[in-house]
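The structure appears below as structure tokens.
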There are 2 protein chains.
Amino acid sequence: MTELEKGPTGRRRGRGARERILGASQQLFREQGINRTGMDQLCAVAEVSKRTAYQHFTGKDELVAEYLRRFDPSVLSGVFDRTDLTPRERLLAAFDIPPTTPLCPYIGAAVELNDPQHPASQYARDYKKAVAARLADTAREAGAADPEQLGEQLALLIDGAAARTRVLNTDAFPTAAAIAAVLIDNAIPATASDDHRREEVSS
Amino acid sequence: MTELEKGPTGRRRGRGARERILGASQQLFREQGINRTGMDQLCAVAEVSKRTAYQHFTGKDELVAEYLRRFDPSVLSGVFDRTDLTPRERLLAAFDIPPTTPLCPYIGAAVELNDPQHPASQYARDYKKAVAARLADTAREAGAADPEQLGEQLALLIDGAAARTRVLNTDAFPTAAAIAAVLIDNAIPATASDDHRREEVSS
DNA sequence: TGTTATGTACACCGCCCTGTGTGCTTACCG
DNA sequence: CGGTAAGCACACAGGGCGGTGTACATAACA
């Protein structure tokens, strides 16, 4: 929040209204959902006048789409780029999204918007495909027989855990991780399930 | 729609406004979602005056809750009560919800309402638990080592397939069924994965 | 037949929503 | 220092929403 005040507003100067708006979007859309968050409230939290908001984003739809685009780094890269884990461990680490994330916002957006043509829905699709692809890449790296299939399966598990966590209000990711372990072990042909690619890491 | 015109309205007589309202709810809440369906439109489709609707249901919330309560028989009982299948086949048959169902309405309601205290959200939780319980029962019947765990796992797969189908606009149930087959075979200890309980069925 | 529950037609309220118009202030940067 | 873009405050339009009030019609049953 400190660095936001000087961040590039998209043009060249200014005091970072755009970033504050997107920050408030992250917070409110997550906590309350998209439809239940009005632009008035959002602008109040962002400490931005409504006029300014509509000068940065042509409408709420565009804001929602941009809000979704600001996510991947935290989860996606944060897991797949770890070099201290074997590929197999990286696949399992994708299920270690412990308490904070209430629901994958892409699922929420797709359900709330209820319009496959909406830019945000399209981006949600792209993102889900990208996650499955990265999982497939890692699966290939781990030596899976059919990496695409395993990637798609693991992606389904993540979405299932997210949805179920939301509906039941209990953490379903451990269950998903257990399934994932079974699938991974079944998909990797040799006994090379672990430390077959591990290099010296610590010390 | 023909029988609805004479069905018991809940009291004793009348021309079935309540049933028409619930029928319209099924249609519209599914097609458009809950929040995007106004009472005006709903009453128009149900061919019911708005005044009548609010005499049957104290508010939209109650209508939504009642709408969710009218579902299980079609899917839940329709699968688990089949006697022509082995327990294992019944577990897999739960993934044969082919094209019609766009999204499990319980997930949709939980996301759209965004309020765990809402009666509909509570019922959604109950329903999900009930499904998991029935899956666990069938898993026990099939001889699974840990039926509760398998039931929970299969329920997660179903939800994952539903969510993923919704977001990606492609049928994810085959993938879920493949995972289910693996889990089931892994969970049943002996080689008695099939026809160990099957009786003579056809001819 | 007449009473009563049931349903209808239609206007209406207050609220919140997305989105604008207008005029003013501030901060940056040459 | 001055120009200019960024941002602000405030009021307002237009519409959909959930929900209601009132007066009238009809079907069922006594």
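First the proteins, then the strands, lettered A, B, ... as listed; each starts at 1.
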**Request:** Could you tell me whether the phosphate oxygens of D:dG7, OP1 or OP2, come under 4.0 Å of any side-chain nitrogen or oxygen in A:His56?
**Result:** yes
**Complete:** When rounded to whole Å, the CD to C1' distance for the pair A:Gln41 and C:dC15 reads 15 Å
**Asked** Would you say a side-chain N or O of B:Thr52 is under 4.0 Å from OP1 or OP2 of C:dT8?
**Response** yes
**Request:** With rounding to the nearest 0.5 Å, note down the distance linking OG1 in A:Thr86 to CG in A:Leu92.
**Result:** 8.5 Å
**Prompt:** What integer distance in Å separates A:Lys50:NZ from C:dC16:C1'?
**Reply:** 10 Å
**Complete:** Whichever of A:Asp40 and B:Ser49 has the more 5' nearest nucleotide on DNA chain C, that residue is B:Ser49
**Request:** Over all heavy atoms of both residues, which pair between B:Thr165 and B:Ala172 is shortest? Give the atoms and the distance, please.
**Result:** OG1-N, 3.1 Å
**Asked** Given atom CD of A:Gln55 and atom C1' of D:dC8, what is their separation to the nearest angstrom?
**Response** 10 Å
**Request:** Examine the base of D:dG19 for any acceptor or donor lying under 3.5 Å from a partner atom in the side chain of B:Lys60, and report the outcome as yes or no.
**Result:** no
**Request:** Whole angstrom is fine here: how far is it from CG in B:Leu63 over to P in D:dG19?
**Result:** 10 Å
**Asked** Between A:Met39 (CE) and D:dG14 (P), how many Å, whole number?
**Response** 20 Å
**Prompt:** With respect to the phosphate group of D:dT20, does any side-chain polar atom (N or O) of B:Tyr54 fall under 4.0 Å of OP1 or OP2?
**Reply:** no
**Prompt:** For the pair made of CZ in B:Arg51 and P in D:dA25, what is the distance, rounded to whole Å?
**Reply:** 18 Å
**Prompt:** Are any of the side-chain nitrogens in B:Arg90 or B:Asp81 under 4.0 Å away from the carboxylate oxygens of its partner?
**Reply:** no
**Prompt:** Looking at B:Asp137 and B:Arg140, does any basic side-chain N land under 4.0 Å from a carboxylate oxygen?
**Reply:** yes
**Prompt:** Is A:His56 close to A:Leu63 at the side-chain level, that is, under 4.5 Å between some pair of heavy atoms?
**Reply:** no
**Asked** How would you label the contact of A:Thr37 with the nucleic acid (heavy atoms, under 4.0 Å): base, sugar-phosphate, or nothing?
**Response** sugar-phosphate
**Asked** To the nearest angstrom, how far is B:Phe57 atom CZ from D:dG18 atom C1'?
**Response** 15 Å
**Asked** What integer distance in Å separates B:Leu113:CG from D:dG18:P?
**Response** 12 Å
